[in-house]
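Sequential numbering from 1 along the given sequence is applied to the chain's residues. One-based numbering, in listed order, for ligands and for the atoms of each.
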Amino acid sequence: MKFYYAPMSCAFATHVVLEDAEAKYEAIKIDLKKGDQQRPEFLKINPKGRVPALVTEKGILTENPAIMYYICQLFPEKKLAPTDPYELAKAQAFNMYLSSTVHVGHAHKHRGHRWTNDESALASLTANVKKNMTDYAEYIENNLISGPWVLGDNYSICDPYLALVTRWFRDDGVDLAPFQKIKNHNIKFHERANVKKVMELHQ
Ligand SMILES: N[C@@H](CCC(=O)N[C@@H](CS)C(=O)NCC(=O)O)C(=O)O
């Protein structure tokens, strides 16, 4: 498999899952600041012009939640997702909330031009990022983390994704002091050897 990623992007979460699964893959770095995602060679991989993208022998997969669960299914022995249908749906709901709501809230900070060209609307979108991200952190803290991992005692595909989003919370000025579960989760996550390895690739 070939894994296309950009350092410090949302591809970090899926990158950690590839390492957790001990998958054999080649990591291919692209530079979003240089606009590599819009170059014709990358648009052949992902016409959406986004990372991550995973080239498999069957075809190309995009979207973090889909790729992460695909990796789980390739390596069921790693137990990176629940097998009980209800618990699995809860795990997927968590990852999809991060992908469809929290990621979009964060994107309003630097990518607001996707939604509007109007300068005052753009300024308003940016100004609301800290509050929205604080609301999302509060919701996650109070409703979605069982602790110590997202799903309780078992580490899963939800954990690298939460760690990524925790970095975004910090970048977006969210005061994490009231969110003890999120803070504890982040400390525990960064103690993992796989995480240290992927962090080095994402500098
Ligand atoms: N829904 C997608 C979002 C992918 C995405 O937006 N990736 C960002 C990096 S965090 C990207 O490639 N941005 C490049 C751009 O917007 O030009 C997923 O979860 O995989």
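For the pair His103 and ligand 1, a heavy-atom separation below 4.0 Å is found.
Put simply, the side chain of Phe12 does not reach to within 4.5 Å of the side chain of Pro52, judged on heavy atoms.
Taking the six-membered ring where the residue is Trp, the centroids of Tyr161 and His103 are separated by 6.0 Å or more. Taking the ring centroids of His202 and Tyr5, they lie under the 6.0 Å cut-off.
Of the N or O atoms in Glu63, one or more lie within a sub-3.5 Å distance of an N or O in ligand 1. The distance criterion of under 3.5 Å between nitrogen or oxygen atoms is met by Arg50 with respect to ligand 1.
Relative ring orientation between Phe189 and Tyr155 is described as parallel, the plane-to-plane angle staying below 30° on a 0-90° scale split at 30° and 60°.
Those atoms of ligand 1 that come under 4.0 Å of a heavy atom in Tyr161, given as number and element, are 19 (O). For ligand 1 and Gln37, the ligand atoms under 4.0 Å from any heavy atom of the residue are 14 (C), 15 (C), 17 (O). The distance from ligand 1 to the heavy atoms of Pro52 drops below 4.0 Å at these ligand atoms: 20 (O). Every atom of ligand 1 with a heavy atom of Ser9 under 4.0 Å away is listed here by number and element: 9 (C), 10 (S). Interface of Arg114 with ligand 1, defined as ligand atoms under 4.0 Å from a residue heavy atom, comprises 15 (C), 16 (O). Taking every heavy atom of Cys10 and a limit of under 4.0 angstrom, the matching atoms of ligand 1 come to 4 (C), 5 (C), 7 (N), 9 (C), 10 (S).
Contact annotation for Arg111 and ligand 1: only side-chain heavy atoms (C-beta onward) come within less than 4.0 Å of the ligand.
Of the protein's non-hydrogen atoms, Val51 O, 3.9 Å is the one closest to atom 8 (C) of ligand 1. Among all protein heavy atoms, the one lying closest to atom 20 (O) of ligand 1 is Asn64 N, 2.9 Å.
Under the 4.0 Å criterion applied to side-chain N and carboxylate O atoms, Asp159 and Arg192 are not assigned as salt-bridge partners. Using a 4.0 Å cut-off between a side-chain N of Lys or Arg and a carboxylate O of Asp or Glu, Asp172 and Lys109 qualify as a salt bridge.
The cationic atom of Arg50 (NZ for Lys, CZ for Arg) does not lie both less than 6.0 Å from the six-membered ring centre of Tyr4 and within 45° of the ring axis.
Note on Val17 and Met96: separate hydrophobic clusters, where clusters join Ile, Leu, Val, Met, Phe, Trp and Tyr whose side-chain heavy atoms are under 4.5 Å apart, directly or indirectly.
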